[in-house]
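Quick note: numbers below take in every heavy atom, side chains included, and nothing from hydrogens, waters or symmetry partners.
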Amino acid sequence: MPAIEGVLESGQLFLGPNTRAFEEEFAAYCGSRFAVAVGNGTDALHLALRAAGVGPGDEVITVSHTFIATVEAIDQVGARAVLVDVDPRTFTMDVDQVEQRITSRTRAIIPVHLYGRLCPMDELLAIAQRHGLLVIEDASQAQGARDARGRRAGSFGNLATFSFYYAKNLGAYGEAGAITTSDPDLDRKLRLFRSHGEEVRYHHAVLGFNCRPDEIQCAVLRIKLRHLDDWNARRVEHAALYDELLADLPVVRPELVASGEHIYHQYVIRSPRRDWLQAQLAERGVGTGIHYPIPAHLQPACRDLGYADGDLPLTEDVAREVLSLPMFPELSDEQIEYVAASLETLLRPEASAA
Ligand SMILES: *Cc1c(COP(=O)(O)O)cnc(C)c1O
């Protein structure tokens, strides 16, 4: 691939021209002033919290139904994660619960645009404004999702974080991440923190971290970014076909939203017979996923947060029932029809025998 060869020939393997160009292109794409590329999405969350000055004694409200990295990053800066339930129709943050859990220690809210679907950002931003809180979007699964006014994930919060883990809608050939912001002061802090607090080589303004992105990954991401809208559009089409074919089956499908607000990183159905369905689909050659089987508040790693079984009942129901069907841009209609026919045979055997 010429872009990768170009990097190898240049010998500049990090913080070179591809990183700078990708940062500009990605910021423009998201509709934010700045983007700072880092090594992965977990580093992006960690540095966003750090740049925002969140630390010991602070509370950060987020959801339990997310990938564990969201909670890990809060712990990494010494703050405490306060976990709220999801809206079981959208799988994203229950906005009413957010407001109930605000205390004098709350500093920030991290909405997670889970499965590629935007959280209700207008409501969340209004709450944050009323209480003087920061908003940090975890947009790791929502690169390119946009609301009815065309505003994209990454442009709503004070900061937003992205993962370019290879399996995300925009994925590197390995690992990468980024933070977007429109605040020049936060942008400067993020740049310092990601590379040992250096402004000039071996001159350290603050003690930072090594969270630099690979120049090769940024070269790959620049090329893939040009295809992202096409790829997302294909996912939306696949989701529409699943919706049509599964309409009469006894499973809960994703709630329909305005076009663009959901870019279907995952197409997730719910069924009380989830584990059985997954095993039966596997026998028919259909690979599925469970995102995520154990919510953060019930993970052994999070025992110190003090939650118990039953504390977030909707999240716990969701974790028992969610099943992610095959979803990627290259999926064919025939493959989707095969998945739907398999589900029909399993869930309505009398109908398919007739
Ligand atoms: C993937 C992901 C992350 C972490 O990203 P990495 O690049 O794997 O470190 C964080 N939050 C969410 C919601 C994710 O899906």
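Of the charged side-chain nitrogens involved, none lies within less than 4.0 Å of a carboxylate oxygen, so that R226 and E25 do not count as a salt-bridged pair. At a threshold of 4.0 Å, the pair E23-R191 counts as salt-bridged, since one of the basic side-chain nitrogens sits closer than that to a carboxylate oxygen.
Aromatic ring orientation, F209 versus H46: perpendicular (interplanar angle above 60°, classes split at 30° and 60°).
Looking at L323 and R270, their side chains never come closer than 4.5 Å, going by heavy atoms from C-beta outward. Residues E198 and L192 form no side-chain contact, since every pair of their non-hydrogen atoms from C-beta on lies 4.5 Å or further apart. In this structure, I109 and V60 have side chains that are not in contact, with every pair of non-hydrogen atoms separated by 4.5 Å or more. F34 is not listed as a side-chain neighbour of I179, based on a closest heavy-atom distance of 4.5 Å or more. Annotation: side chain of P329 is in contact with side chain of R235 (closest heavy-atom distance under 4.5 Å). Side-chain contact between V339 and Q335: absent, with no pair of heavy atoms (C-beta onward) separated by less than 4.5 Å. Using a 4.5 Å heavy-atom threshold, the side chains of I110 and L49 count as touching. Proximity of L305 to V71: side-chain heavy atoms (C-beta onward) are separated by under 4.5 Å at one or more points.
Using a distance-only test at 3.5 Å, with no hydrogens or angles considered, no donor-acceptor pair links the side chain of E316 to the main chain of D309. For the pair R50 (side chain) and Q76 (backbone), a donor-acceptor distance under 3.5 Å is present. Not a single donor-acceptor pair under 3.5 Å links the side chain of T181 to the backbone N or O of L159. Without hydrogens or angle criteria, S182 side chain to R33 main chain gives a donor-acceptor distance under 3.5 Å. Side chain of S342 to backbone of Y338: a donor-acceptor contact under 3.5 angstrom is found. A donor-acceptor pair is defined here as one N or O able to donate and one able to accept, closer than 3.5 Å; no such pair exists between the side chain of N40 and the backbone of E175.
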* Apply side-chain contact (heavy atoms from CB on, under 4.5 Å) to L314 and V318, showing your working. => CA-CA 6 Å; L314 298 173; V318 162; 5.5 Å; no
Practice problem: Please step through side-chain contact (heavy atoms from CB on, under 4.5 Å) for the pair L346 and L277, ending with a clear verdict. | Solution: CA-CA 7 Å; L346 292 168; L277 270 182; 3.9 Å; yes
Residues Y264, Y242; criterion ring pair (Phe, Tyr, Trp, His ring centres under 6.0 Å); working and verdict:
CA-CA 12 Å; Y264 297 95; Y242 271 129; 9.3 Å; no
Exercise for the section: Start with the C-alpha distance between R194 and L47, add both sets of side-chain angles, then the distance that settles side-chain contact (heavy atoms from CB on, under 4.5 Å), and finish with yes or no. Expected result: CA-CA 7 Å; R194 82 163 161 193; L47 291 198; 3.7 Å; yes
- Task: Could you check V86 against M93 for side-chain contact (heavy atoms from CB on, under 4.5 Å), going step by step and ending with a plain yes or no?
- Result: CA-CA 5 Å; V86 281; M93 200 165 225; over 6 Å; no
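Remark: R149 engages no residue in a salt bridge (charged side-chain N to carboxylate O under 4.0 Å, His left out) (not counting sequence neighbours).
D138 and S140 are linked by a side-chain donor-acceptor pair at a separation below 3.5 angstrom, with hydrogens and angles left out of the test. Between the side chains of D243 and Y267, at least one donor N or O lies within less than 3.5 Å of an accepting N or O. Judged purely by distance below 3.5 Å, without hydrogens or angles, the side chains of D183 and N158 never pair a donor atom with an acceptor atom. Donor-acceptor pairing under 3.5 Å is recorded for the side chains of T19 and E215. Checking H131 against E99 by side-chain atom types alone, a donor-acceptor pair falls below 3.5 Å.
At most 12 non-hydrogen atoms from other residues, nucleotides or ligands lie less than 6.0 angstrom from CZ of R105. No more than 12 heavy-atom neighbours from other residues, nucleotides or ligands sit within 6.0 angstrom of CD on Q129. Residue F328 qualifies as enclosed at atom CZ: its count of foreign heavy atoms under 6.0 Å is above 12. Other residues, nucleotides and ligands contribute at most 12 non-hydrogen atoms within 6.0 Å of the CD atom of E24. Counting non-hydrogen atoms of other residues, nucleotides and ligands closer than 6.0 Å to OH of Y165 gives a total of 12 or fewer.
Between I216 atom CD1 and C218 atom SG the span is 10.5 Å, to the nearest 0.5 Å.
Cation-pi geometry between R152 and Y29 is met: under 6.0 angstrom from the ring centre, within 45 degrees of the axis.
Annotation for A73 and L45: closest pair CB-CB, 3.5 Å, computed over non-hydrogen atoms.
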Side-chain donor-acceptor distances from residues 111-125 under 3.5 Å, at least two apart:
unit_1 : atom_1 : unit_2 : atom_2 : d
H113   : ND1    : C119   : N      : 3.0
H113   : NE2    : E137   : OE1    : 2.9
Y115   : OH     : H65    : NE2    : 3.0
Y115   : OH     : H291   : O      : 2.4
R117   : NH1    : E255   : O      : 3.3
R117   : NH2    : E255   : OE1    : 3.4
D122   : OD1    : R151   : NH2    : 3.1

Result block: side-chain N/O donor-acceptor pairs under 3.5 angstrom for residues 5-15, not counting sequence neighbours:
unit_1 : atom_1 : unit_2 : atom_2 : d
S10    : OG     : V7     : O      : 2.8
S10    : OG     : Q12    : N      : 3.1

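Hydrophobic clustering places L347 together with V268 (ILVMFWY residues linked when any side-chain heavy atoms are closer than 4.5 Å, directly or through intermediates).
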